[in-house]
Amino acid sequence: MASSSSSSSSRNWLYDVFPSFSGEDVRKTFLSHFMKELDRKLIIAFKDNEIERSRSLGPELRQAIKDSRIAVIIFSTNYASSSWCMNELLEIVKCKEECCQMVIPVFYGLDPSHVRKQTGDFGKIFDQTCKNKTEDEIIRWRGALIDVANILGYHSVTWDNEARMIEEIANDVLGKLNLSPSYEVEDFVGIEDHIRAMSSLLDLESEEVRMVGIWGPSGIGKTTIARALFNRLSRRFQSSVLIDKVFISKSMEFYRGANLGDYNMKLHLQRAFLAEVLDMRYIKIDHLGAVEKMLRHRKALIFIDDLDDQDVLDALAGRTQWFGSGSRVIVVTKDKHLLRAHGIDHIYEGTKRVLGIELMMDETDELHVHENAFKGMRNLRFLEIFGCNVVRLHLPKNFDYLPPSLRLLSWYGYPMRCMPSKFNPENLIKLVMREGNLEKLWEGVASLTCLKEIDLTLSENLKEIPDLSKAMKLERLCLDFCSSLLELPSSIRNLKKLRDLEMNFCTNLETIPTGIYLNSFDGFVLSGCSRLRRFPEILTNISESSSNLSLDVLNMTNLKSENLWEGVQQPFTPTLTRLCLSEIPSMVELPSSFQNLNKLKQLDIRNCINLETLPTGINLQSLEFLVLSGCSRLKSFPNISRNIQYLNLSFSAIEEVPWWVEKFSRLKDLNMANCNNLRRVSLNILKLKHLEKVDFSNCMALTEAKWDDSPSLVAITPDYVHSSLPDEASYLPDRFISMVNLNFVGCFNFDPKVLFQPQTVPMQVILSGEEVLSYFTHRTTGTSLTNIPLPHISPSQPFLRFKACASCEFPLDTFGINHFKIQVHFRFICISGNHFDHTDLPRGFSTTGLGNHLVIFDGCFPLNKDITPLADQLTYHHMDIQFLFIKEDCEFQVKGCGILLPENGQSLSNQTCRPNILPHVFGGSTSNNGYLGGHETVHSQECGDSALESNPDKNISHVFEADEGNVVNDGCHVSDQINESVETLRNSKRMRTT
């Protein structure tokens with residue numbers, strides 16, 4: 001496909017489209033409309049002008065097919081009735097294969113399968129045409145029909161509107177010709193309408209030389225239209241060039257300071273122009289008649305963009321006689337007098353037709369807008385100007401007009417203090433005037449019958465809002481960061497459709513009108529209004545009509561008033577779903593009406609430094625997101641909802657995580673970082689089924705974490721808590737994919753061994769520490785462990801489970817959050833030296849702490865017979881382990897690694913962390929929770945060894961326990977006696993199974 005595209009695009013095609021059709025079926029219907037649409041889009045199509053068609057394909061048509069980039073084949077019922085059409089089809093298929101010609105089939109009034117299989121009426125007519133034809137000719141016709149019918153095309157029966165289908169096919173042709181508007185112009189309002197209008201002015205079928213002007217004020221899209229035209233037309237001409245101001249400036253550098261009317265200046269300009277048109281690096285000319293001499297026999301397309309000097313036009317395109325037949329010169333300017341003075345009468349005006357303007361100023365240093373720039377745009381509905389706050393946009397002092405037809409006015413960085421005096425906003429629906437110099441919008445009461453949204457964000461000079469009594473449809477009023485605004489107009493009380501009122505950081509706002517009746521209120525934001533005297537009475541009125549309300553968001557942060565609730569009976573409406581009351585130092589407790597917020601989903605009360613208590617004995621059933629971060633006097637764990645999913649209590653004074661946290665059945669994330677008074681944590685939290693992350697980092701007073709037995713424990717339904725580790729036969733490995741993440745970094749008084757007691761869920765932990773814990777029986781100061789004996793694996797065991805530990809050190813000059821991942825790679829080696837590998841899932845960790853860290857995590861992998869042969873321990877008896885570290889955006893040093901594997905049924909959680917006691921080599925027969933999920937069993941019917949024969953219905957458990965006198969001090973190595981016992985057992989098994 002790549003080579004086809006390259007070959008197709010590199011060839012010089014005479015036509016864009018060759019239409020193949022049956023005249024009697026479609027010439028006066030579908031074809032006529034299709035050809036007209038191609039003309040409107042400036043697509044060059046071969047036109048047969050109803051030439052007489054014979055049985056054989058004439059040389060003119062054969063050549064036309066070869067010279068066309070795309071063939072559009074219009075299959076109709078009688079298409080196959082003509083040998084001429086069938087021979088055209090053969091030629092098209094040949095060009096498709098040899099010349100990379102593109103083909104678009106259109107099935108007009110018939111099913112594609114009738115063409116492909118030559119069935120139905122189409123097939124009957126085809127059979128008639130095949131009479132008296134050679135077998136070879138029939139086979140080639142059938143092959144061509146099958147070939148083209150298999151190409152994705154257009155089926156008229158599936159379209160309810162033929163005009164839309166024709167337009168879609170024409171757009172498809174544009175795309176295949178790479179003539180679709182570029183991303184720079186594709187969003188320009190009505191670009192295809194402009195191209196259609198220009199095509200009639202250009203009259204491309206005429207052989208005369210024609211000059212056409214595009215005129216209009218700055219910023220309405222003249223250049224965009226010109227570039228789209230140039231892209232669409234340039235392939236029709238022998239030479240094409242687009243001259244812009246950059247070209248003129250570069251050409252004038254040699255004669256800097258010279259007048260454009262200077263003879264030598266014009267001569268130099270012509271020399272550069274001819275070099276561009278003729279694609280020659282250097283051209284020598286000695287008189288101003290050179291352009292006519294060199295171009296009078298050449299069909300050329302000349303665009304001169306942003307023309308503002310008559311001398312340039314005279315030098316480059318002085319007379320139509322300078323250019324060859326069919327040439328077109330398009331001059332783009334905002335000065336209509338230049339066009340008239342040059343005798344250009346065909347002028348396209350970009351004003352009455354303009355519906356919308358979008359002006360991006362980020363690539364413009366300076367822009368001057370004429371006082372009458374918008375006066376001719378009677379139908380302008382959309383005006384969007386961006387970036388005026390970072391460039392110099394000049395409006396004359398007497399700029400006083402914007403079209404009353406405007407529906408959307410969005411002007412970032414508007415430079416004037418007031419809107420144009422003659423602006424009538426009666427049709428305005430949305431007004432966005434951000435980051436400008438406005439001090440007020442307009443004088444008096446304006447007719448705002450259609451207005452739905454006003455956004456004046458960051459209008460720092462805005463001092464007043466006009467009377468809005470006639471803006472009865474207003475739904476959103478955004479005044480964020482209007483720091484000079486002192487008050488709102490009293491007329492706001494009548495805006496019964498107002499849904500959102502946003503006034504973030506209106507730092508000088510002191511009062512809000514009283515007696516406001518708003519029955520459609522959704523959002524009310526007063527964050528950062530530090531001079532607001534008291535909680536606005538607007539909420540009292542809201543609550544009185546709460547049955548009609550849907551207030552969704554209330555955001556009132558950073559309020560400094562000492563009498564915040566004074567005189568307010570019901571500050572909260574029951575319809576609230578999001579409430580933010582952060583950074584209010586005067587708030588000691590919440591009003592009693594707080595307990596009525598049964599629809600509340602998000603509650604944010606961070607940095608309320610004097611908040612001491614929360615209501616008790618309530619359960620806000622909808623509350624999912626609770627933030628009490630920075631409430632430095634709050635000592636009790638919140639108990640206002642059992643449905644919380646995200647709970648942030650960081651930097652609070654809470655002293656304990658109580659056992660009843662296990663009732664928070666939907667909790668996913670608990671953040672208690674930097675809680676300096678936290679001393680005790682109930683590990684009952686690990687029973688929660690949905691728990692994903694718990695952060696106790698930098699809780700330096702934390703010393704105790706343990707499981708609590710409580711009367712309510714029995715009453716908790718299994719659906720709400722993590723079930724204990726299930727039998728291996730029903731074990732689901734996804735628990736090891738979404739395990740609980742625990743963070744104890746900076747908890748220097750916390751003893752982590754409690755985490756290795758019988759546990760409820762797999763977990764991964766990060767904490768402060770320097771050395772791999774002695775709990776891990778296999779340790780290394782590097783990242784590799786070798787020649788580790790393979791633990792016993794039961795044939796019925798589906799998974800092998802392990803616990804891993806790594807020690808990492810982060811440099812003290814590290815900043816921000818450190819992210820990294822760890823994977824454990826296992827290589828299982830058989831006695832013959834063969835091996836197979838398994839890599840555990842990557843475990844992600846993050847920390848803001850520096851210095852030494854330990855990470856500990858659980859893992860497992862399947863032992864299915866189809867996946868691993870480990871059950872055959874006669875072959876595989878040891879393994880090597882490699883820790884892989886993935887440094888995402890941080891640097892750290894790995895200081896050591898460790899691994900803990902089960903020993904024949906021993907649960908890993910039962911293996912102690914005492915430094916001088918060796919964990920059991922083999923566990924007892926009652927362990928059903930172990931990481932191997934069972935104990936060693938020997939069936940007499942399988943073994944056949946009389947010395948070890950037992951009741952077939954019972955299992956024999958071999959238990960070897962270590963003697964303290966035979967254990968090295970670090971608890972890592974078994975004594976020789978124990979090793980011998982293990983080997984004896986393994987040898988006995990080998991004997992029994994041979």
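The structure presented is a predicted model; accordingly, all values stated were derived computationally and were not measured.
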Measure across [X] and [Y] and return the closest heavy-atom pair with its distance rounded to 0.1 Å.
X      : Y      : answer
Met503 : Asp480 : N-OD1, 3.5 Å
Leu611 : Val588 : CD1-O, 3.2 Å
Gly746 : Ser768 : N-OG, 2.7 Å
Thr507 : Ser483 : OG1-CB, 3.6 Å
Ile465 : Leu479 : CD1-CD2, 3.7 Å
Glu583 : Cys608 : N-SG, 3.8 Å

Looking only at atom types and distance, does a side-chain atom of Asp858 sit under 3.5 Å from a main-chain N or O of Met763, one as donor and one as acceptor? yes
Do the side chains of [Y] and [X] get nearer than 4.5 Å, heavy atoms only?
X      : Y      : answer
Ser629 : Asn671 : no
Pro638 : Leu649 : yes
Phe637 : Leu647 : yes
Leu854 : Cys805 : yes
Leu628 : Ser652 : no
Phe845 : Cys808 : no
Ile856 : Leu773 : yes
Lys497 : Lys452 : no

Between atom CG of Leu767 and atom CG of Asn852, what is the distance when rounded to the nearest 0.5 Å?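 If we round to the nearest 0.5 Å, Leu767:CG and Asn852:CG are 11.0 Å apart.
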Roughly how far, to the nearest 0.5 Å, is CG of Leu742 from CG of Leu691? 7.5 Å
Using 30° and 60° as the class limits, which term best fits the ring planes of Phe744 and Phe750: parallel, tilted or perpendicular?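 Rings of Phe744 and Phe750: parallel, under 30°.
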Could you label the plane-to-plane angle of the Phe481 and Phe505 rings as parallel, tilted or perpendicular, counting under 30° as parallel and over 60° as perpendicular?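 Parallel.
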Take atom [atom1] in [X]; do more than 12 heavy atoms of anything else shown fall under 6.0 Å from it?
X      : atom1 : answer
Glu704 : CD    : yes
Glu809 : CD    : yes
Glu612 : CD    : yes

Step by step, would you call Lys693 with Asp669 a side chain to side chain contact (heavy atoms under 4.5 Å, CB included)? CA-CA 5 Å; Lys693 180 181 178 182; Asp669 191 317; 3.6 Å; yes
Distance-only side-chain donor-acceptor flag, Asn643 / Ser641, under 3.5 Å: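 The answer is no; no qualifying pair exists.
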Looking just at side-chain N and O atoms, do Asp840 and Gln823 make a donor-acceptor pair shorter than 3.5 Å? no
